[in-house]
Amino acid sequence: MSKLVSKVLAAGAAVSMLTLPGLSPAVAGPGLGEGQSSATGAGDSHNDANSADESSAQAAASGTQVQLLNITDFHGRISDAGTQVASVVEEERAAFAEKGDTGMLSAGDNIGASPYNSSSAKDTPTIDVLNAIGVQASAVGNHEFDRGLADLTGRVVDEADFPYLAANVYDKGSQNVADGLDEYTIVDVGEVKVAVIGVVTKETATLVSPAGIADIEFGDPTDAVNRVADEIEELPADEQPDMTVVEAHLGASSTENLEDAKASNAEFEKLVTKADASIDVLFTGHTHLPYSFEAPVPGDADRTRPVLGAGNYGEYVGQVQLTADGEGNWTTDTAELIDTEDKSYDSPVVDEVEKIIADADEAAKGPGSVVHGKITEDITRAETDGNEDRGAESTLGNLVADALKDGVEDSQLPGADFGITNPGGLRTDLLCDHIYGEEEKCEVTAAELNEVLPFANDHGVVTMKGEDVIGLFEEQWQPEGARNAFLHLGISDELDVVYDSNAERGEHVKSVEVNGQEVDPNADYRVATLSFLAAGGDNFSSFAKGDFEQSGLTDFDTWVSYFEKNTPVAPDENERQADLAEDVIDKGDLTAELTGPKNIAPGESAVFELKTNAKSEVAGPIDVSVDVPEGFAAEAAGASSQSASAKAPEVSTEATAATITLDSIAAGESETSVTVTAPEDASGDVTVTVGVQANAEGPWWDDNPLPIAHEFAATAAVSEDAGASAGDDGAADGGAADGGDSAAGADGSADDGGANAAEGADAAADGGEADGSASNASGSGDGSDLPRTGFETFNVVAAALALIVAGGTAITVVRRRRISI
């Protein structure tokens, strides 16, 4: 049976009785007209169908007015918004004092992911600020669990002058609320008794380190609210509250209107539509979005109740003002969000908050101002339309992964193969113009580094099977109902991943390479990461299948060390994960085929032609790589309609492969010639394979046009009776003159590529090989023949491969470090 905890608390901080000319400017939520709303009917604070004995219930006198103020997701932003929030709270208290009293509440995430002046002191300064402004009760947020349950129910609860509420946080396997947390409390707001029920999103189990919450579980928030509401209804009449409100650390992900908000999040929708009719106000949070709605009360078509989310970081204070009718009913007079920007108010409370912040700044100033390195330019999280986008690749995420891998070298552990981090762990950007102390522009201080990674996660190495490494990248597609449909992992430079965003669930990953080699599903890999992910956080459960060894360092330790060893640090603007859905051959925007002669005489040369047809220009650089059998030599010439990059060639008499790098592939038809020379003792057939792929050093960022290697092959007979090459008459028709064979790669362009292959076969027939039996095509376009762990590539990766250069041809060997970019 769940615990029943009832606390009666004093009203909190002193109230300035200054009389002001009016209320602070406010931001009205959608659907509230002029920022003010009244319930359409007086309404009972209990469900009309179930309130058996209203006369026994506590009822505030008719005309009694109450003001409730609320914040959410403050995240220790004491320097940015501490005095501003205190000013709004004090000003609104004073302005309302002639009407009634004010209660101050929070929907959670007061602490965690905080700036350095708070996080360096384990957020004690933030708790002190909340105490000073008179917070009377708070829901737990997911970030209250960042340091584990024991820290929350011990140190944090002890430092707070208000109870932390968690009606849906249970001892594992029970419905007993975890010790040290309350399911609800009753606070005094003047003469009005307000019951406050607190709940937190079930997603918390995936948002914090599982090791810190091993003994608890998170139940359905609305079910917990209704269970506690029933308990409150059963209190003796003289103990029942006048009003019941919910503080819920969950919220809407869309705020256009109430219907969109409900559709955006299942937990929010259930709370709004299913929370007991005795609930008078719903304060929400977690999604960091500001909104204010009036929502119908379930079971009572004549009543509405306010639903507010006060944004984040102290940007807004939620305000609800209500009036009692003397029979247990409350009318909403005002429900709006008050913008705190530039607010200043003369009050002892504001002065106290200001001093707390100044003391925190002073304590953090020395260690926080230490310069640990420089950046060459801004290194940032991913953004879409000006908002952080955790579903896209970021230079900052990849850099953190580099640092995690590098940090293993500073520990007693054997080295790691690569590093991985999660986007949610990145809390701010590294900006040249961000000055913490007196450092120079682009210098990076301890405080700035800490603000990027504020969670103090343990650093270490997970040893895991290759199949589980592949599983991690598949788990970027989050489970149904998760807050983010896709979470883009930050990965270190050793890794290259190709996925298909259009594939079915469980089949997105097409290739994972480590240092240019496909991951072996059965091999062990050492992955540098953080304790949060190692325990399966953010739904990356494949991590939990491995063995985690702690290095004894924190994320901050490795971050600082990386900057000290590698400064100045520049962002790597080459993508490390590429989307096959962007592939121009797969999409049919580019077709290609390789044509060749019918014969090559021993000791002689012949020309093969790579013919492309693009709907529009394909941005480069694009590598065209040539693979020929041992003993044969290849020379590549630039495409007839584009210029080739003039890279310095490497020459070897043992060369068996050549690569030419094109600036781009022009719109329309173009050709690239490859001259193949047979050795004096050659006989049989020779198959030439040409690969087309975006150059690894290209400026690709979520738009690689050719992330995988597409291969095209053609076969010629080696005999003294050599015919004309494909470059002679007839080549312009797309066939091989004198019966040369051609083959479009099976890569994909099912319509165009197939047609081109057919044309090549027809041309071959004209020359005497009507059945096209010498054709030898290879490659993959639809991905159907690609194994889950990757796909075939051609052998141009070996360090021994070089080029044979003839004349002034611009040719270069590309030792591919990766195939994904």
Side-chain angles (χ1 to χ4, degrees), residues 29-33 36-66 68 70 167 184 192-197 199 220-235 237 240-248 250-252 257-263 265-284 291-309 318 320-336:
L32 294 185
Q36 200 168 34
S37 175
S38 297
T40 56
D44 190 346
S45 63
H46 308 292
N47 191 321
D48 290 344
N50 298 317
S51 53
D53 185 9
E54 292 183 2
S55 63
S56 66
Q58 180 84 18
S62 177
T64 299
Q65 292 183 283
V66 168
L68 300 177
N70 188 81
Y184 81 97
V192 178
K193 294 184 180 297
V194 180
V196 185
I197 305 170
V199 290
D220 182 272
T222 303
D223 290 350
V225 165
N226 291 341
R227 173 180 55 76
V228 175
D230 287 342
E231 293 177 358
I232 293 172
E233 292 277 341
E234 295 170 2
L235 290 172
Q240 287 197 0
D242 301 288
M243 176 191 301
T244 303
V245 304
V246 165
E247 289 288 342
L250 59 90
N257 53 59
L258 179 59
E259 291 308 308
D260 283 348
K262 290 190 296 184
N265 182 275
E267 281 187 328
F268 179 80
E269 189 272 341
K270 184 175 181 180
L271 182 71
V272 170
T273 61
K274 302 294 184 184
D276 192 87
S278 65
I279 308 301
D280 298 294
V281 182
L282 296 170
F283 289 114
T284 63
Y291 49 85
S292 181
F293 304 118
E294 281 287 326
V297 175
D300 191 341
D302 295 328
R303 291 177 55 214
T304 62
R305 58 190 174 194
V307 181
L308 281 78
V320 177
Q321 296 174 352
L322 306 104
T323 300
D325 69 355
E327 298 180 0
N329 308 316
W330 292 90
T331 299
T332 303
D333 302 319
T334 297
E336 58 190 22

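Values in this document were obtained by computation on a predicted structure and should not be read as measured data.
Nearest heavy-atom pair across A277 and P298 is CB-O, 3.8 Å. A61 and A324 make their closest contact through O-CB, 3.7 Å (heavy atoms, listed as atom of the first residue, atom of the second, distance). Taking each heavy atom of R305 and I279 in turn, the nearest pair found is NH1-O, 3.1 Å. Residues D242 and A59 share a closest heavy-atom pair of OD1-C, 3.4 Å. Between F268 and A261, the shortest heavy-atom contact is CD2-O, 3.5 Å.
With E269 contributing its side chain and A263 its backbone, the two residues share no donor-acceptor pair below 3.5 Å. Remark: side-chain polar atoms of W330 are not paired, donor with acceptor, to backbone N or O of Q321 under 3.5 angstrom. T64 places no side-chain N or O within 3.5 Å of a backbone atom of A60 that could act as its donor or acceptor partner. Under the 3.5 Å distance criterion, the side-chain polar atoms of R227 are matched with a main-chain donor or acceptor of A167.
Atoms CD1 and CG, on I197 and N226 in that order, are 8.0 Å from each other to the nearest 0.5 Å. To the nearest 0.5 angstrom, L68 atom CG is 9.5 Å from D280 atom CG. We find the CG-CG distance between D260 and N265 to be 13.0 Å, quoted to the nearest 0.5 Å. We find the CD-CG distance between Q240 and L235 to be 6.0 Å, quoted to the nearest 0.5 Å. One distance of note links CZ of R303 with OG1 of T331; it measures 10.0 Å at 0.5 Å rounding. Rounding to the nearest 0.5 angstrom, the gap separating the CG atom in L308 from the OG atom in S292 is 3.5 Å.
Put simply, the side chain of L250 reaches to within 4.5 Å of the side chain of P221, judged on heavy atoms. Proximity of E267 to T222: side-chain heavy atoms (C-beta onward) are nowhere separated by under 4.5 Å. Two residues are said to be in side-chain contact when any heavy atoms from C-beta on lie closer than 4.5 Å; L322 and Q65 fail this criterion. With contacts defined as side-chain heavy-atom distances shorter than 4.5 Å, the pair M243/V245 qualifies. Here the side chains of E294 and P306 are in contact, with some heavy-atom distance below 4.5 Å. Between V320 and T334 there is no side-chain heavy-atom pair separated by less than 4.5 Å.
In summary, of the residues considered (D276, L271, L282), a side chain to side chain contact (heavy atoms under 4.5 Å, CB included) with V225 occurs for L271 alone.
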Next item on the list: Given side-chain hydrogen bond (donor to acceptor under 3.5 Å, both in side chains), test T323 with D333 step by step and report yes or no.
Entry: CA-CA 7 Å; T323 300; D333 302 319; 2.4 Å; yes
Next item on the list: Start with the C-alpha gap between Y184 and T244, add the side-chain angles, then the distance that decides, and say whether side-chain contact (heavy atoms from CB on, under 4.5 Å) holds.
Entry: CA-CA 10 Å; Y184 81 97; T244 303; over 6 Å; no
Margin query: What verdict does the side-chain contact (heavy atoms from CB on, under 4.5 Å) test give for V307 and F283, after you've listed the backbone C-alpha separation in whole Å, the side-chain angles of each residue and the deciding distance to 0.1 Å?
Written below: CA-CA 6 Å; V307 181; F283 289 114; over 6 Å; no
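Contact check on K270 versus D220 returns a salt bridge, with a Lys/Arg side-chain nitrogen under 4.0 Å from an Asp/Glu carboxylate oxygen.
Looking at T284 and Y291, their side chains do bring a donor and an acceptor atom within 3.5 Å of each other.
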